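Following: one structure in structure tokens, then a few remarks.
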Amino acid sequence: MKKSIAIIFSLIFAAGSAFAQSEVSAIPDETNKVDVSMKVIVPENQHTVDKTAKIKIEYIPMVDEARIYYTAMYVTYDQGEAMNAIIGCLEDFTKDNKYYSYKYMDRDKERYYKDKRGIGWAQYISHVKFIR
């Protein structure tokens with residue numbers, strides 16, 4: 001009885017160690033590294049009417065996510081224009097990178113701050129995930 005229990009446990013241990021060895025080999029090494037870098041993209045067509053406005057896209061290709069920043073001076077900032085400009089840039093980015101569509105991951109956010117010179121700025125931020 002003790003011998004059969006010992007044999008069963010040794011077989012289970014052998015099978016478990018064989019499985020563990022095959023899983024360890026699946027870990028990426030130096031030859032096949034995963035690209036988790038973030039690309040900062042400034043679109044050519046900003047879709048803005050405001051001369052002080054700038055749009056920047058922080059794109060992570062591995063997870064197909066992006067954060068889009070619309071920044072303008074506080075005095076000339078208009079939320080409606082910010083939303084329209086971001087939607088225009090998102091549509092261009094979707095076409096250029098062969099995505100089917102996108103969905104919003106969070107609610108859009110607004111942030112107000114002053115720079116070193118005391119100039120007030122407004123920033124509108126969207127977080128989206130692209131779908132192929």
Side-chain angles (χ1 to χ4, degrees):
M1 180 71 174
K2 290 182 182 180
K3 287 183 182 181
S4 62
I5 292 175
I7 291 172
I8 291 173
F9 279 125
S10 63
L11 288 174
I12 291 172
F13 179 74
S17 62
F19 176 74
Q21 287 177 355
S22 65
E23 288 300 315
V24 170
S25 63
I27 295 174
D29 57 355
E30 301 218 4
T31 59
N32 55 353
K33 286 189 176 181
V34 178
D35 183 21
V36 292
S37 62
M38 177 176 53
K39 298 178 183 178
V40 177
I41 302 166
V42 178
E44 276 186 35
N45 187 357
Q46 298 266 316
H47 298 279
T48 59
V49 178
D50 187 0
K51 300 293 182 192
T52 65
K54 294 181 181 87
I55 294 181
K56 175 179 77 168
I57 301 172
E58 292 178 349
Y59 172 58
I60 304 171
M62 182 177 175
V63 292
D64 296 327
E65 288 186 13
R67 289 191 190 273
I68 299 92
Y69 298 93
Y70 174 95
T71 307
M73 290 183 74
Y74 179 75
V75 178
T76 60
Y77 174 71
D78 179 25
Q79 183 182 13
E81 181 189 337
M83 290 170 38
N84 290 335
I86 283 179
I87 289 171
C89 288
L90 280 173
E91 289 174 355
D92 291 346
F93 188 84
T94 303
K95 288 178 191 173
D96 293 343
N97 293 296
K98 298 180 179 131
Y99 285 108
Y100 176 70
S101 65
Y102 60 90
K103 68 176 184 173
Y104 288 91
M105 300 297 288
D106 296 333
R107 289 181 178 229
D108 293 347
K109 297 176 182 137
E110 288 182 300
R111 180 176 88 106
Y112 303 97
Y113 64 95
K114 288 188 177 182
D115 63 2
K116 295 176 186 174
R117 298 180 290 167
I119 298 173
W121 293 90
Q123 193 171 50
Y124 190 85
I125 306 164
S126 288
H127 181 202
V128 297
K129 179 165 181 73
F130 295 102
I131 302 166
R132 287 203 190 259

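Computed from a predicted model, the values in this text were never measured in an experiment.
Cluster annotation: Ile87 is connected to Ile41 through the hydrophobic network of ILVMFWY side chains, with a link wherever side-chain heavy atoms come within less than 4.5 Å. Criterion: ILVMFWY side-chain heavy atoms under 4.5 Å apart, direct or through other members. Under it, Tyr104 and Ile57 are part of a common hydrophobic cluster.
Side-chain contact between Tyr70 and Asp108 is absent, with no heavy atoms from C-beta onward closer than 4.5 Å. Between Thr71 and Lys56, every side-chain heavy-atom pair lies at or beyond the 4.5 Å cut-off. Side-chain contact between Asn84 and His47 is absent, with no heavy atoms from C-beta onward closer than 4.5 Å.
Atom NZ in Lys129 sits 6.0 Å away from atom CE in Met105 (nearest 0.5 Å). Of the inter-residue distances, the one linking Asp92 atom CG with Asn45 atom CG reads 6.0 Å to the nearest 0.5 angstrom. For the atom pair Glu91 CD and Ile86 CD1, the distance stands at 12.5 Å (nearest 0.5 Å). Here the straight-line distance linking atom OG1 of Thr52 with atom NZ of Lys54 works out to 7.5 Å at 0.5 Å rounding.
Considering all non-hydrogen atoms of both residues, Pro61 and Ser37 come closest at CD-O, 3.5 Å. Annotation for Met83 and Tyr124: closest pair CG-OH, 3.1 Å, computed over non-hydrogen atoms. Nearest heavy atom pair, residue Asp106 against residue His127, reads OD2-ND1, 3.3 Å. The two residues Val49 and Glu81 make their nearest non-hydrogen contact at N-OE2, 2.9 Å.
One N or O on the side chain of Asp115 and one on the backbone of Arg117 form a donor-acceptor pair closer than 3.5 Å. Looking at Gln46, its side chain does come within 3.5 Å of a backbone N or O of Ile55 through a donor-acceptor pair.
The number of heavy-atom neighbours closer than 6.0 Å to CZ of Arg107, taken from other residues, nucleotides and ligands shown, is 12 or below.
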Please walk me through it: do Met73 and Trp121 pass side-chain contact (heavy atoms from CB on, under 4.5 Å)?
CA-CA 4 Å; Met73 290 183 74; Trp121 293 90; 3.7 Å; yes
Could you walk me through whether Asp78 and Asp50 satisfy the side-chain contact (heavy atoms from CB on, under 4.5 Å) test, starting with their C-alpha distance in whole Å, then the side-chain angles of each, then the deciding distance to 0.1 Å, before giving a yes or no?
CA-CA 9 Å; Asp78 179 25; Asp50 187 0; over 6 Å; no
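Applying the under-4.5 Å side-chain rule to Ile, Leu, Val, Met, Phe, Trp and Tyr, the cluster around Tyr100 consists of that residue alone.
Among residues at least two apart or in separate chains, ring-ring contact (aromatic ring centres under 6.0 Å, His included) pairs with a member in residues 74-93 are Tyr59-Phe93, Tyr74-Tyr112, Phe93-Phe130.
Under the side chain to side chain contact (heavy atoms under 4.5 Å, CB included) criterion, Val63 pairs with Ile60, Glu65, not counting sequence neighbours.
A cation-pi geometry, defined here as NZ or CZ lying under 6.0 Å from the six-membered ring centre and within 45° of its normal, does not hold between Arg67 and Tyr69.
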